[in-house]
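Step one of this worksheet: look at the structure below.
Computed from heavy atoms alone, side chains included, the values below leave out hydrogens, waters and symmetry copies.
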Amino acid sequence: MRKLSSTILATLLLFACSQETVQRPTTPLFVDTSSSGEVRFNVEVAKTPLELQQGLMHRTEMASNNGMIFVFDPVRPVQMWMKNTKLSLDMLFVAANGKIVMIKEKATPMSETRITCKEPVRAVVELNAGQVKRHNIKVGDTVRHSVFDPYTTTSDRPMPKAIGNPNGPVIPKGPNAIGGPRPIGNPNGPVIPKGPNAIGGPRPIGNPNGPVIPKGPNAIGGPRPIGDPNGPVIPKGPNAVGGPRPIGNPDGPVIPKGPNAIGGPKPFGDPNGPVIPKGPNAVAPQPQPIVPVVPPM
């Protein structure tokens, strides 16, 4: 029996030693401080129930810039302790938005006293004691790590709500996004208001929320030049699309050049030439040919 007890004790001691030396891979964590700027640490991530329970227990040393981040899902108030933890630690209690809401410096090794944070937190970061003081880390500073963005779940992810109904259903980005539609092909881009710059094309004058009016003869402001539907607007009248309009009726049907041209008749044989005014210089009528009358036989 004594031999069996010795074997069990040796096994437990071997397991404890293995716990002491095990270190998981680290990931970068940054603290944006108001006085020291950005500070980088390399942290192990504890997410599973076993990892959260074990933490840094039984460790006898840790690199100066290393640490561990405990991730809680969903966010909630937490209690930490130093049971079986041989290292003195600084603790940062971090909300879901990455802001530090509480700091515990130089937690006592092996203590079973509960360290309580009443604010709901996403994570607790444990660092070697003295790092908070060394880098002047304060409540309100920001912690950046992959566990904060993206969130591990969407249960507490801030989402947009319907305009005028902040407690209503979530409205996704895109054509129905808060504030207005988004650019075509970029549903997460800046809001494009309705009107001349609306998605799909401009809107009718005086009706910015109406149907899209394409450029061309029906473009906003007036018709466009023939063959250039996106060119500058050409007003109706003498320079209207298709040709000039009747005098006094700039919106009437197009009047071609020639005898009925705007301004007066044109010279015979030159319908596009200069206008010939009436009077002594008026266009002379063409003489009518004389047809001889032949009496019947």
Side-chain angles (χ1 to χ4, degrees), residues 19-20 22-159:
Q19 282 184 316
E20 178 183 340
V22 168
Q23 177 181 331
R24 292 187 294 276
T26 61
T27 57
L29 178 145
F30 302 91
V31 181
D32 295 328
T33 68
S34 56
S35 56
S36 302
E38 179 186 275
V39 183
R40 172 173 174 158
F41 298 97
N42 301 309
V43 298
E44 302 171 46
V45 179
K47 286 184 177 181
T48 68
L50 179 60
E51 292 169 346
L52 292 171
Q53 182 179 5
Q54 182 177 346
L56 291 171
M57 287 182 177
H58 309 293
R59 303 279 182 97
T60 57
E61 62 180 4
M62 184 169 62
S64 60
N65 273 8
N66 280 20
M68 180 173 285
I69 182 168
F70 297 75
V71 183
F72 300 100
D73 184 19
V75 296
R76 59 182 182 269
V78 297
Q79 287 186 330
M80 305 292 287
W81 65 355
M82 295 289 288
K83 182 179 180 179
N84 296 329
T85 304
K86 301 177 181 180
L87 301 172
S88 181
L89 300 171
D90 289 345
M91 298 182 183
L92 311 178
F93 294 80
V94 190
N97 61 0
K99 296 293 185 182
I100 299 174
V101 296
M102 175 179 156
I103 295 176
K104 172 64 178 178
E105 295 187 60
K106 297 182 180 179
T108 304
M110 309 299 287
S111 172
E112 297 187 13
T113 301
R114 299 298 197 271
I115 302 169
T116 302
C117 178
K118 297 181 180 180
E119 296 286 336
V121 297
R122 165 66 69 202
V124 176
V125 181
E126 291 186 344
L127 306 170
N128 282 304
Q131 292 285 28
V132 167
K133 184 177 181 180
R134 180 177 295 111
H135 299 290
N136 198 22
I137 299 172
K138 297 182 180 299
V139 170
D141 288 346
T142 301
V143 175
R144 291 186 285 114
H145 187 271
S146 60
V147 303
F148 299 106
D149 186 20
Y151 293 99
T152 53
T153 71
T154 59
S155 58
D156 55 352
R157 182 191 297 274
M159 295 292 285

Can you run down the salt bridge (charged side-chain N to carboxylate O under 4.0 Å, His left out) pairs that involve residues 23-44, sequence neighbours left out, and say none if there aren't any?
->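 Salt bridge (charged side-chain N to carboxylate O under 4.0 Å, His left out) check on residues 23-44 returns D32-R144, E38-R144, E44-R59.
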Among residues at least two apart in sequence or on other chains, which ones pass side-chain contact (heavy atoms from CB on, under 4.5 Å) with [X]?
{"X": "S88", "result": "K106, P109, A129"}
{"X": "K118", "result": "T116"}
{"X": "V139", "result": "I103"}
{"X": "T108", "result": "S111"}

Considering only heavy atoms from C-beta outward, does the side chain of [X] approach that of [Y] to under 4.5 Å?
{"X": "L92", "Y": "V132", "result": "yes"}
{"X": "L29", "Y": "H145", "result": "yes"}
{"X": "M91", "Y": "M82", "result": "yes"}
{"X": "E105", "Y": "K133", "result": "yes"}
{"X": "V121", "Y": "R76", "result": "no"}
{"X": "N84", "Y": "M110", "result": "yes"}
{"X": "P120", "Y": "P77", "result": "yes"}
{"X": "V125", "Y": "V94", "result": "yes"}

Could you grab the distance from atom [atom1] of [X] to atom [atom2] of [Y], nearest 0.5 Å is fine?
{"X": "T85", "Y": "E126", "atom1": "OG1", "atom2": "CD", "answer": "6.5 Å"}
{"X": "S35", "Y": "K138", "atom1": "OG", "atom2": "NZ", "answer": "6.5 Å"}
{"X": "M68", "Y": "L89", "atom1": "CE", "atom2": "CG", "answer": "10.0 Å"}

Might you point out which heavy atoms bring [X] and [Y] nearest each other, and give the distance in Å?
{"X": "A95", "Y": "V101", "answer": "CB-CG1, 3.9 Å"}
{"X": "F93", "Y": "C117", "answer": "CD2-CB, 3.5 Å"}
{"X": "L127", "Y": "G67", "answer": "CD2-CA, 4.3 Å"}
{"X": "F70", "Y": "L52", "answer": "CE2-O, 3.7 Å"}

Main-chain N/O of [Y] paired with [X] side-chain donor or acceptor, under 3.5 Å:
{"X": "R114", "Y": "M80", "answer": "no"}
{"X": "Q54", "Y": "L50", "answer": "no"}
{"X": "Q131", "Y": "N128", "answer": "no"}

Under the side chain to side chain contact (heavy atoms under 4.5 Å, CB included) rule, what do R122 and V71 come out as? Steps first, then yes or no, please.
-> CA-CA 6 Å; R122 165 66 69 202; V71 183; 4.3 Å; yes
Please check if any side-chain donor atom of T26 sits under 3.5 Å from a side-chain acceptor atom of N42, or the reverse.
->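 No, because no side-chain N or O of T26 sits under 3.5 Å from a partner of the opposite role on N42.
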Quick one: ring-ring contact (aromatic ring centres under 6.0 Å, His included) partners of F41, sequence neighbours excluded?
->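 In terms of ring-ring contact (aromatic ring centres under 6.0 Å, His included), with neighbours along the sequence ignored, F41 is linked to H135.
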Q53, CD atom: more than 12 neighbouring heavy atoms under 6.0 Å = no
Test side chain to side chain contact (heavy atoms under 4.5 Å, CB included) applied to T33 and N136, step by step = CA-CA 7 Å; T33 68; N136 198 22; over 6 Å; no
Side chain to side chain contact (heavy atoms under 4.5 Å, CB included) between I137 and V39, worked out | CA-CA 9 Å; I137 299 172; V39 183; 5.6 Å; no
Which is it for D141 and K99 under the salt bridge (charged side-chain N to carboxylate O under 4.0 Å, His left out) test, yes or no, and what are the steps along the way?
-> CA-CA 6 Å; D141 288 346; K99 296 293 185 182; over 6 Å; no
